[in-house]
Structures are given as C-alpha cells and as structure tokens.
A.B. asks: 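Once you've had a glance at the structure underneath, I'll fire off some questions.
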Amino acid sequence: MAHSLIQRRREAERARVEAYELSLRHVSQRTRPPPDFETAIYEAKRGFEADIVRDAEAWKPRMKTRDAARLRLAAARYLFARYPVAEHLEQIWIDGAGLGADEIRLRKRWYIAAAGGGSLYAAGAADWLSRKEVHAFLNPLGKVGFEAAIWQAIARSYAGDPGIVLRIARTRITQTPRAEHGFWREVVRFFCAHPTTVEEMDDLYDYLAACYRRNRKFSLKGRSLVSLGRQMREWHRDLDAIARIEAARRRAEAARNRARGLAAEPVDEAWRGAAIADWSWTNSSKDRSKREEYVVVQLRTAADLVAETRGMRHCVATYATKCIAGQASIWSLRRRASGSVQRLLTIELDPRSRAVQVRGFANRPPLAEESKILERWAQARGIMLL
C-alpha cells in the first residue's frame, strides 16, 4: 500500500514536469528583426546618387548591429569611399543633430570628396581654407570634431608649436559662425603670435565678439595681450554700469505702473529657457551644522543674468539675447549652508544640452570639488560636459 502511494506520487510529479515542458515548447520566442540595410543605403545615397562608386544593390554586409547610425556610416563607406578618412569627416553620417540642412549637405559633400580621392579644396573648402590648410584638416592632431579640425588647420598655418595649435582648437573660437570666418581667422593668427592659455582666449572671446558686432571693421592690428586685457576689463566695467542704469530704469517703470494701477503686470518677463528642471543635492553629513545643499538653477530673466554678472564678475549678462532666442541657457551652481547662499559656477548650455562654458568667480576655471558637483548634476539631468 505504502509502495503504491509513493509510486502514484512520483507518477503525478512526472506528469506535472511533462506538462510544464510541453507548455514551454508552445511558447515562441520573439525574434529580433534583422539589420535594416535597405534603409541605411537609402539614407546614405539620398541626394548624392551621382557620386556613388559601387552598386548599392550588391551591398551584402556581414553586420549584426541594428544601430541605424552605424549602419548608415557603413553604407556611406561602401557607396562613396575609396580611401579611409579621419573620424571627424565620418561623424556626419552618425549624428547631424543641431545642424542645418545646408551644413549637413556640406559635410557630407566634403566626406564624399575626401573618401573618394577627389579634391576637397575644389569641393568647397577653398572658401575657408588654403591648400596647405586642407591637408592639415584631413590629417588633424589627435581626435577632434569637424569645426575644431578646421580651426586647428588654420592655426597650424600660423604656428609650428603643436601646443599652441591644440589650445586654440579647444577654445570657443570653434563655435563661431562661418559668416564671421575672416575676422576669427585674424584672431587665431593673433593668438598664434601671442600665445596664452585656453582660459584667457575664452575670456577675450566675448569681448572680441562684442567689438566685432559693434564694428565690422574692428581689427587686432597693433594690439597686444596686455592692451586687450585692459580693454576687456574696461568693457566689463561698462557692462556693470549699463546693468545698474537698466535696473534703475526698471524700478522707475515699476513705480510708474503701480501709480497707474498696473502693478499686476510684472516688469521682467522670463523667457522660455531649456526644458530641464532645476536640481539640488545635499551631502550626507551626520552633523546638521555641516550639511551643505548644492543647487543648479536656470537663469531666465535679465535681472537674474545681471545679478549673476555682478556676483561672479563676468559678462554673462551679454548672453540674454542668446537665451531669449533659444540658442543657449544659463545656469548657476550655488551652495547653501548656515542660512547663506554662495555662487560657485555659471554654466552655459547649448540647445543640445552640452555644457559649452563653465566659469567661476572672475572667469576662473572650476575647482576640483566644484567639478564633482557638476558631474552629479550632469548625470542627473543628462547634460554633456565638454
């Protein structure tokens, strides 16, 4: 009887196992779709059909990746490339975010010319670069982006010191519009003849850009780093004076509005700004008196920018036009402790959420501890630190 009961239990257990295995065989695993080679070929050749050097229908790559960008680059190499080219020329097939249609077409045209063994100079580079500079552009020093490669090539035509060249390629000069290329070429030539740090070149960038906007005939001939530095400091003092006058004007306008019963309308209206939330972080010290809160807030009004300019002794107030136009957003890293607030850093983000400029008091670079806080914020909000 006991043996029979044990046997029945074992048979029941085997039946359950067999039923479970049978159910597993009926479950079909979803298969991943194959790489979309057809779309990659279509996107790569669109608009450049006349430049194709191989039959698109014959492309049979042995690729397992499903990443559309990598497939598009592979398709471009197959369709147009006879020779390998530098990475900064290939990047346009991977990511063209933030670039206009004309710029995307120009960069693809340059890639096709270089990779196909043609003349990049004849393909349009002659508008900005000499033949010697085109060679330097195709063979950059180190890993650089497209614009940095252009300005590195220009600097190499004026300076034989690679250190000077690499520093210039790291400055904000690489962000200048093509329409102002002639003026900034003169600036690069000046910095090659008067070498200085990346930080000082970036500090002078704002002043020189303002001079050029005000006077298109502005020139650096006969100037020195010392004289430019003195003029830049005077310019900053002028900005402070203008800010004080503008603040007084706003106060007077607000008083008049109150007298007329229009106090409900705010004098300073905030612009839209970046769609990124403010951020805060508190250290985990057990002693409450030693706890510090770090906050990063977006500056959305002229008053905020002027206050940041005053508190940090730099020219961020001049970025109001860029902020209103949506071309930049300005952020302030601050520390709150013992009831007081201390400004630490001012950050400029571009429309692609990249931190293109970070400055402390009087335009100093970030300190090591501040950089750690900045990295926490960047990770939390998806910011790219350059």
Side-chain angles (χ1 to χ4, degrees), residues 29-129 131 133-153 166 169-170 174-175 178 350-354 356 382-386:
Q29 184 178 4
R30 179 181 293 181
T31 59
R32 296 176 64 189
D36 192 350
F37 298 134
E38 184 177 343
T39 298
I41 279 285
Y42 170 76
E43 292 180 349
K45 73 178 183 179
R46 184 173 52 192
F48 300 97
E49 288 81 357
D51 302 291
I52 293 175
V53 298
R54 298 182 183 92
D55 181 12
E57 299 296 330
W59 188 45
K60 305 295 181 183
R62 296 181 179 180
M63 300 177 66
K64 295 182 179 180
T65 181
R66 287 156 179 80
D67 183 86
R70 291 179 61 189
L71 289 172
R72 191 164 51 247
L73 173 58
R77 287 171 174 171
Y78 172 80
L79 292 173
F80 308 115
R82 290 190 174 97
Y83 307 97
V85 296
E87 184 177 338
H88 66 275
L89 277 167
E90 293 187 324
Q91 187 64 30
I92 189 59
W93 301 102
I94 296 174
D95 181 19
L99 301 175
D102 291 342
E103 181 65 19
I104 290 175
R105 183 168 182 82
L106 178 144
R107 296 191 185 192
K108 288 183 176 180
R109 172 59 62 194
W110 284 25
Y111 167 83
I112 292 170
S119 169
L120 187 58
Y121 185 82
D127 292 340
W128 296 284
L129 302 172
R131 294 185 184 276
E133 290 165 351
V134 167
H135 178 76
F137 171 78
L138 292 172
N139 302 275
L141 303 176
K143 184 178 179 180
V144 294
F146 187 88
E147 293 293 344
I150 288 179
W151 290 103
Q152 188 188 99
L166 292 173
R170 289 167 49 204
T174 61
Q175 303 170 24
R178 298 276 170 77
D350 68 7
R352 298 166 67 182
S353 298
R354 300 182 302 180
V356 298
I383 306 300
M384 182 185 297
L385 300 177
L386 301 182

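Everything numeric in this text was worked out from a predicted model, so none of it was measured.
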A.B. asks: Any side-chain to backbone donor/acceptor pair from Arg72 onto Trp93? Under 3.5 Å, distance only.
C.D. replies: yes
A.B. asks: Do Arg66 side-chain atoms and Lys64 backbone N/O form a donor-acceptor pair below 3.5 Å?
C.D. replies: yes
A.B. asks: Can you measure from CD (Glu57) to CD1 (Ile41) and round to the nearest 0.5 angstrom?
C.D. replies: 8.5 Å
A.B. asks: When you compare the side chain of Glu147 with that of Trp151, does any pair of heavy atoms fall below 4.5 Å?
C.D. replies: yes
A.B. asks: For the residue pair Gly96 and Ile104, what are the closest heavy atoms and their distance?
C.D. replies: O-CD1, 3.9 Å
A.B. asks: With rounding to the nearest 0.5 Å, note down the distance linking CD in Gln175 to CZ in Arg354.
C.D. replies: 7.5 Å
A.B. asks: Taking the side chain as everything from C-beta on, heavy atoms only, tell me whether Arg178 gets closer than 4.5 Å to Leu106.
C.D. replies: yes
A.B. asks: Could you give me the CA-CA distance, side-chain angles and deciding distance for Phe37 and Met63, then say whether side chain to side chain contact (heavy atoms under 4.5 Å, CB included) is met?
C.D. replies: CA-CA 9 Å; Phe37 298 134; Met63 300 177 66; 4.3 Å; yes
A.B. asks: So, for Ala125 and Val134, which heavy atoms are closest and what is the spacing to 0.1 Å?
C.D. replies: CB-CG2, 3.9 Å
A.B. asks: Write down the atom of Leu129, the atom of Tyr121, and the distance for their closest heavy-atom approach.
C.D. replies: O-CE1, 3.4 Å
A.B. asks: Please state whether the rings of Trp110 and Phe146 are parallel, tilted or perpendicular, taking 30° and 60° as the class boundaries.
C.D. replies: tilted
A.B. asks: Return the minimal non-hydrogen interatomic distance between Ala148 and Ala169, and the atom names on each side.
C.D. replies: CB-O, 3.8 Å
A.B. asks: Check this for me: does any side-chain nitrogen of one of Asp95 and Arg352 sit under 4.0 Å from a carboxylate oxygen of the other?
C.D. replies: yes
A.B. asks: When rounded to the nearest 0.5 angstrom, what is the spacing between CD1 in Ile112 and CD1 in Ile52?
C.D. replies: 9.0 Å
A.B. asks: Is the NZ or CZ atom of Arg77 both under 6.0 Å from the centre of the six-membered ring of Tyr111 and within 45° of that ring's axis?
C.D. replies: no
A.B. asks: Taking all non-hydrogen atoms of both residues, which atom of Arg70 and which atom of Thr65 are closest, and how far apart?
C.D. replies: NH1-OG1, 3.9 Å
A.B. asks: Tell me if a side-chain donor or acceptor on Gln152 pairs with a main-chain N or O of Leu141 at a distance below 3.5 Å.
C.D. replies: yes
A.B. asks: Is there a donor-acceptor contact under 3.5 Å from the side chain of His88 to the main chain of Ile150?
C.D. replies: no
A.B. asks: Among residues at least two apart in sequence or on other chains, which ones pass side chain to side chain donor-acceptor pair (under 3.5 Å) with Thr39?
C.D. replies: Asp36
A.B. asks: Where is the tightest heavy-atom contact between Ala113 and Ala123, given as atom of each residue plus distance?
C.D. replies: CB-CB, 3.7 Å
A.B. asks: According to side-chain hydrogen bond (donor to acceptor under 3.5 Å, both in side chains), does anything in residues 44-55 pair up with another residue at least two apart or in another chain? List the pairs.
C.D. replies: Asp51-Arg109
A.B. asks: If the condition is salt bridge (Lys or Arg N to Asp or Glu O under 4.0 Å), which residues does Glu87 pass it with, not counting sequence neighbours?
C.D. replies: Lys143
A.B. asks: Would you indicate whether Glu103, at its atom CD, is surrounded by more than 12 heavy atoms from other residues, nucleotides or ligands within a distance under 6.0 Å?
C.D. replies: yes
A.B. asks: Between Phe48 and Arg105, is there a side-chain heavy-atom distance shorter than 4.5 Å?
C.D. replies: yes
A.B. asks: With a 4.5 Å limit on heavy-atom distance, are the side chains of Val144 and Leu166 in contact?
C.D. replies: no
